[in-house]
Amino acid sequence: MIGLIGGSGLYEIPGFKVNERRAVETPYGLPSDEFMIGELFGRTVAFLPRHSFKHNIPPHKVNYRANIRGFKELGAERVIAVSAVGGINSTLSPGDIVLLNQLIDFTKSRVNTFYDGDDVVHVDFTEPYCPELRESFIRASEAGGIKLQSSGTYICVEGPRLETAAEISFFSSMSADVVGMTGMPEAVLARESELCYVALSVVTNLAAGISPVKLTVKEVVEAMNRSTEVVKTLLSGAIGLVPQRRDCPCGEALEDAGM
Ligand code: HPA
């Protein structure tokens, strides 16, 4: 089973044949919503909208631990995350899709680990995204002639407010390419769960101070809606190319990570 997390504006995947909606309880509480389980491009996929189907959970209140544990309990080994981002790198425009390879965590008040009890665990996070899943997306974009920025650094902010122009200028000097509010702790919780995790960022707007217009949520949702078709095509190609068996280090993330 492959997990799929949808971000703002991505609540439906065209062509997704839903067989079941399943509520999952976890020791960390309830995930954002029920999981929609079905068939997508020949594979069993569990879809979860990060902000719930009603979109009433803001980024800083998402129960990231319950979401990731939910996928684990369903038996997923891999999670593909889609999210809306603001473009910082001047080469990016709204509608561009970035396959992340690095991240910087600027969140402030989120529970960011499963290991806050007696177990002392420090997972390696040098490469935060699964190399094998990344490769599937790169190959799918090449095969389908789909424009994809094959690497990029994501900076995760706490939100829910948008950034100041000075913050974006600072993030730019730190080599961040895109900014969003949901990539962390999602990515590290997946690593701590030994799940493969890959993130596809859809640029919905130019970041604060770069954008010539006032940033609005309407702009973000409309841009995401415009990108749904191409995201779907990319997902279909990539999911079809994901090997049946994992051959990446993600499944052994906890080896040598504990004290
Ligand atoms: N900043 C932070 N998060 C976002 C943005 C942004 O400009 N656009 C979409 N998500």
Side-chain angles (χ1 to χ4, degrees), residues 4-12 32 48-64 67 80-110 112 128-129 147-149 151-188 197-231 234-235:
L4 182 57
I5 305 180
S8 304
L10 193 76
Y11 305 103
E12 275 179 28
S32 296
L48 181 69
R50 192 185 280 114
H51 304 285
S52 91
F53 284 106
K54 291 183 292 207
H55 199 116
N56 62 354
I57 310 175
H60 63 293
K61 291 177 86 173
V62 170
N63 189 341
Y64 295 96
N67 288 355
I80 298 169
V82 181
S83 69
V85 292
I88 298 176
N89 187 312
S90 60
T91 62
L92 294 172
S93 314
D96 285 349
I97 303 178
V98 185
L99 182 67
L100 304 175
N101 70 320
Q102 276 299 323
L103 70 78
I104 300 171
D105 185 8
F106 258 54
T107 60
K108 294 177 187 158
S109 65
R110 302 180 184 185
N112 62 2
Y129 303 104
K147 188 176 162 214
L148 175 71
Q149 188 82 34
S151 63
T153 298
Y154 174 101
I155 186 154
C156 192
V157 294
E158 182 66 26
R161 68 166 177 85
L162 290 158
E163 302 69 48
T164 66
E167 284 168 339
I168 293 298
S169 165
F170 173 48
F171 298 161
S172 175
S173 75
M174 294 165 74
S175 75
D177 297 301
V178 294
V179 57
M181 299 181 190
T182 56
M184 280 295 280
E186 202 171 83
V188 76
Y197 180 87
V198 74
L200 213 54
S201 286
V202 180
V203 179
T204 52
N205 57 280
L206 299 179
I210 302 172
S211 172
V213 294
K214 183 180 168 217
L215 303 181
T216 65
V217 171
K218 189 164 167 267
E219 181 189 357
V220 170
V221 173
E222 284 177 359
M224 199 71 174
N225 288 341
R226 281 195 298 276
S227 298
T228 307
E229 266 306 308
V230 60
V231 168
L234 202 51
L235 283 173

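Both counts, for ligands and for their atoms, begin at 1 and track the order of listing. Only this structure's heavy atoms are used, side chains among them; waters, hydrogens and symmetry mates stay out.
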Open item on the list: In the structure I gave you, are the side-chain heavy atoms of Val231 and Met224 within less than 4.5 Å of one another anywhere?
Closed with: no

Open item on the list: Give me the nearest non-hydrogen protein atom to atom 5 (C) of ligand 1 as residue plus atom name, then the distance to 0.1 Å.
Closed with: Gly86 N, 3.4 Å

Task: Residue, atom name and distance, where the atom is the protein heavy atom closest to atom 3 (N) of ligand 1 - done: Gly180 CA, 3.5 Å

Task: Atoms of ligand 1 close to Met181 [distance to a heavy atom under 4.0 angstrom, numbered from 1] - done: 2 (C), 3 (N)

Open item on the list: When you compare the side chain of Val230 with that of Ile97, does any pair of heavy atoms fall below 4.5 Å?
Closed with: yes

Open item on the list: Return the closest protein heavy atom for atom 10 (N) of ligand 1 as residue, atom name and distance.
Closed with: Ala84 O, 3.3 Å

Task: Residue portion contacting ligand 1 (non-hydrogen atoms closer than 4.0 Å) for Val179 - done: both

- [ ] Give the residue, atom name and distance (to 0.1 Å) of the protein heavy atom nearest atom 7 (O) of ligand 1.
- [x] Asn205 ND2, 3.0 Å

Open item on the list: Taking the basic N atoms (NZ, or NE/NH1/NH2) and the acidic carboxylate oxygens, is any pair closer than 4.0 Å for Lys214 and Glu219?
Closed with: no

Task: Donor-acceptor contact present, side-chain Ser32 to main-chain Arg50, <3.5 Å - done: yes

Open item on the list: I'd like to check Leu99 versus Leu200 (side-chain heavy atoms, cut-off strictly below 4.5 Å). Are they in contact?
Closed with: yes

Task: Ligand-side contact atoms (ligand 1) for residue partner Glu163, heavy atom cut-off under 4.0 Å - done: 1 (N), 2 (C), 6 (C), 7 (O)

Open item on the list: At less than 4.0 angstrom from any non-hydrogen atom of Thr204, what atoms of ligand 1 do you find?
Closed with: 8 (N), 9 (C)

- [ ] Among Met174, Glu158, Met184, find the residue that satisfies the side-chain contact (heavy atoms from CB on, under 4.5 Å) test when tested with Phe106.
- [x] Met174

